[in-house]
Amino acid sequence: MTSEPELERTARIAQDLIRFDTSNYGEGRSNGETVAAEYLGALLEDMGLTTQYFNAAEGRTTVIAKVEGSYDTESSAPHAAERPGLILHGHTDVVPADPKNWSVDPFGGVIQDGLLWGRGAVDMKNMDAMIVTALGDILGAGKRPARDLTIAFFADEENGGEYGSHFMVQKHPEVFAGATEAISEVGGYSVDLQGQRAYLLQTGEKALMWIKLTARGMAAHGSRVISDNAVTKLAEAIAIIGRQEWPVRLTDTTTLLIAELSRILNIDPEEVGPDQLILATGTASGFLQATLRTTSNPTLLNAGYKHNVIPDVAEALVDIRTLPGEEDEVLAQVRALLPDEIEIEMMHRDIGLETSFDGPLVDAMVNSLGVFDPGAPVLPYLMSGGTDNKALKLLDITGYGFAPLQLPPEIDFPGMFHGVDERVPLDALVFGRQVLGDLLLKY
């Protein structure tokens, strides 16, 4: 009987993390992140680091560790104490997964076809594992990163960070003292541009507004003629919001991205327009198309309690993502689109981010990718979703998405996020470990 080959350490740690069901259902309902935080904390402690645990509520644990930087005797760079600190952060919660829709157990950490399958394989227990192993490679070799690091594994990112990053920024800002920049998820991954591999480095995030729509009407027997039907009114409102076509608006980031894509793909953006150019990027368009405009997607409906009872209240949740700085304008437009009787409640709101595609950290990330994939272009992009970098920005910490992965062309990476059969190639995890380690030693 032959035994399975031993997993590379990054894959094994990511597999262990996937097997902790840290599903976050939103609005404070969660399986909790404590077990994952303690697991990661133990790995950090095994490296000789001191950890701190912070509980925003029972089971909602964030773990923090500090790593002292060192002077590099082989360069003329200043001592780490003379450089601002860098934050490496991930989150340990995941969105729920319905096993009936998956071809494998979403919390089994299955290895199949050279990939690691499971909820969190790309969002973002893979990056959590890459952070730990890249750091372990450095410390295990008797070296130190080029500057002081703060390692943070937050709870509650999938609910906007109320029990995680925002809690830490509001209640324990001293943890991040001395840091001016941060690195986290959804950037540094490769995309296939009609045969040319390129990497997307996330230098911005759309703003978010999670709103609840409420319609009220007359409660009655289901057999009656009732024009004041809350469900009907809500359905009409949801159709308006869900079908709204928001105009294309290019920011500095998307303007630069469009220019670079048109050069690589040899397509004139003036002839085809931004939407068609983005669609030419293949699966990458799953992330990029939404960066050109506001999106307003209904995500949940709640009304009624019995087939023959007309309810007096119907509610819906809508996920609105705007370009940075356009939140108030879009909210006013949503209000104008809907009948006055539809109530709008803001459930959660967070800022947009946009940083220029230049500077020492950007250069360092581009260079580290180039060490392991020479000649591949690196492009900036504005993320359609959001990360815990939003909370850190409140402390004037500039965040980037850089969880480096070299992916095969056939993988629909954007489709993995919050999707079914989430998975990541094992060799992509090794690539990310190496790139991150190179960056931390040099920057």
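Values in this document were obtained by computation on a predicted structure and should not be read as measured data. FYI, the numbering just counts along the sequence from 1.
Glu162 places no side-chain N or O within 3.5 Å of a backbone atom of Phe167 that could act as its donor or acceptor partner. Side-chain atoms of Asp412 come within 3.5 Å of backbone N or O of Gly415 as a donor-acceptor pair. Between the side chain of Lys390 and the main chain of Ile351, a donor-acceptor pair closer than 3.5 Å is present. Looking at Thr322, its side chain never comes within 3.5 Å of a backbone N or O of Thr294 through a donor-acceptor pair. In terms of modelled atom types and a separation under 3.5 Å, the side chain of Arg119 and the main chain of Pro96 share a donor-acceptor contact. Formation of a donor-acceptor pair under 3.5 Å by the Asp105 side chain with backbone atoms of Phe107 is found in this model. Side chain of Asn367 to main chain of Asp363: a donor-acceptor pair is present (N/O by atom type, distance under 3.5 Å, no hydrogens or angles). Ser262 contributes a side-chain N or O that, together with a main-chain N or O of Ile258, makes up a donor-acceptor pair within less than 3.5 Å. For Glu271 (side chain) and Pro269 (main-chain N/O), no donor-acceptor pair under 3.5 Å exists by modelled atom type. Side chain of Trp117 to main chain of Gln112: a donor-acceptor pair is present (N/O by atom type, distance under 3.5 Å, no hydrogens or angles).
Taking CG of Leu257 as the start and CG of Leu277 as the end, the distance is 8.0 Å to the nearest 0.5 Å. Considering CG of Asn126 and CG of Leu426, their distance stands at 11.5 Å, rounded to 0.5 Å. For the atom pair OH of Tyr381 and CG of Leu261, the computed distance is 13.0 Å after rounding to the nearest 0.5 Å. Atom CG in Leu353 sits 7.0 Å away from atom NZ in Lys393 (nearest 0.5 Å). Ile13 CD1 to Leu40 CG: the interatomic distance, rounded to the nearest 0.5 Å, is 8.0 Å. The distance from the CD atom of Gln202 to the CE atom of Met383 is 6.0 Å, given to the nearest 0.5 Å.
Counting heavy atoms from C-beta outward, Pro425 and Ile411 have side chains that approach closer than 4.5 Å. Proximity of Thr299 to Val318: side-chain heavy atoms (C-beta onward) are nowhere separated by under 4.5 Å. You'll find the side chain of Ile151 reaches within 4.5 Å of the side chain of Leu149, heavy atoms only. Looking at Leu7 and Gln15, their side chains come closer than 4.5 Å, going by heavy atoms from C-beta outward. Counting heavy atoms from C-beta outward, His172 and Phe54 have side chains that approach closer than 4.5 Å. Residues Glu158 and Tyr25 form no side-chain contact, since every pair of their non-hydrogen atoms from C-beta on lies 4.5 Å or further apart. Side-chain contact between Leu323 and Thr254 is absent, with no heavy atoms from C-beta onward closer than 4.5 Å.
The residue from Leu436, Leu88, Leu44 that alone fulfils the side chain to side chain contact (heavy atoms under 4.5 Å, CB included) condition with Leu135 is Leu44. Screening Asp128, Asp123, Thr387 for a side chain to side chain donor-acceptor pair (under 3.5 Å) involving His91 leaves a single residue, Asp123. Of the listed residues (Val186, Ile183, Leu405), just one forms a side chain to side chain contact (heavy atoms under 4.5 Å, CB included) with Met127, and that residue is Ile183.
Residues that satisfy the side-chain hydrogen bond (donor to acceptor under 3.5 Å, both in side chains) test with Ser368, not counting sequence neighbours, are Asp438. For Phe413, the ring pair (Phe, Tyr, Trp, His ring centres under 6.0 Å) test picks out Tyr189, Phe417, with sequence neighbours left out. Residues that satisfy the side-chain hydrogen bond (donor to acceptor under 3.5 Å, both in side chains) test with Arg321, not counting sequence neighbours, are Asp319. In this structure Arg249 satisfies the side-chain hydrogen bond (donor to acceptor under 3.5 Å, both in side chains) test together with Glu326, Glu329, sequence neighbours excluded. Here Ile264 pairs with Leu193, Gln196, Pro377, Leu379 under the side-chain contact (heavy atoms from CB on, under 4.5 Å) rule; sequence neighbours left out.
What you find for Thr283 and Pro414 is that their closest heavy atoms are O-CG, 3.3 Å. Scanning both residues, Val63 and Ala37, for their nearest heavy atoms gives CG1-O, 3.7 Å. The shortest heavy-atom contact between Ala36 and Thr92 is CB-CB, 3.9 Å. Gln406 and Phe431 make their closest contact through N-CD2, 3.3 Å (heavy atoms, listed as atom of the first residue, atom of the second, distance).
Looking only at atom types and distance, the side chain of Tyr39 has a donor-acceptor partner in the side chain of Asp16 under 3.5 Å away. If you check the side chains of Trp246 and Ser296, you find a donor sitting under 3.5 Å from an acceptor.
The pair Lys66-Asp148 does not meet the salt-bridge criterion, since no charged nitrogen lies less than 4.0 angstrom from a carboxylate oxygen. Taking 4.0 Å as the cut-off between side-chain N and carboxylate O, Asp93 and Lys125 do not count as a salt-bridged pair. A salt bridge links Arg60 with Asp156: the closest approach of a Lys/Arg side-chain nitrogen to an acidic carboxylate oxygen falls below 4.0 angstrom. Between Glu245 and Arg293 no salt bridge is recorded (no basic side-chain N to carboxylate O distance below 4.0 Å).
Listed by first and then second residue, the ring pair (Phe, Tyr, Trp, His ring centres under 6.0 Å) pairs that reach into residues 138-160 are His89-Phe154, sequence neighbours excluded.
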Where do Glu33 and Tyr163 land on the side chain to side chain donor-acceptor pair (under 3.5 Å) test, with the steps shown first? CA-CA 10 Å; Glu33 299 89 352; Tyr163 296 98; over 6 Å; no
Side chain to side chain donor-acceptor pair (under 3.5 Å) between Asp388 and His166, worked out: CA-CA 8 Å; Asp388 287 319; His166 275 288; over 6 Å; no
CA sep, side-chain torsions, deciding dist, call: Thr251, Glu354, side chain to side chain donor-acceptor pair (under 3.5 Å): CA-CA 9 Å; Thr251 70; Glu354 189 167 27; 2.7 Å; yes
Stepwise side chain to side chain contact (heavy atoms under 4.5 Å, CB included) test for Trp102 and Glu422: CA-CA 9 Å; Trp102 285 56; Glu422 187 178 340; 3.6 Å; yes
Asp21 and Asn31: CA distance, side-chain angles, deciding distance, side chain to side chain donor-acceptor pair (under 3.5 Å) verdict: CA-CA 7 Å; Asp21 182 355; Asn31 290 349; 3.2 Å; yes
Between Thr203 and Leu382, does a side chain to side chain contact (heavy atoms under 4.5 Å, CB included) hold up when you go through it step by step? CA-CA 6 Å; Thr203 57; Leu382 181 73; over 6 Å; no
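The local environment of CG in Asp396 is sparse, with at most 12 non-hydrogen atoms from other residues, nucleotides or ligands closer than 6.0 Å. In the displayed structure, Glu27 atom CD is contacted under 6.0 Å by at most 12 heavy atoms of other residues, nucleotides or ligands. Within a 6.0 Å radius of CD in Glu270, no more than 12 heavy atoms belonging to other residues, nucleotides or ligands are found. Atom CG of Asp98 has more than 12 heavy atoms from other residues, nucleotides or ligands within 6.0 Å.
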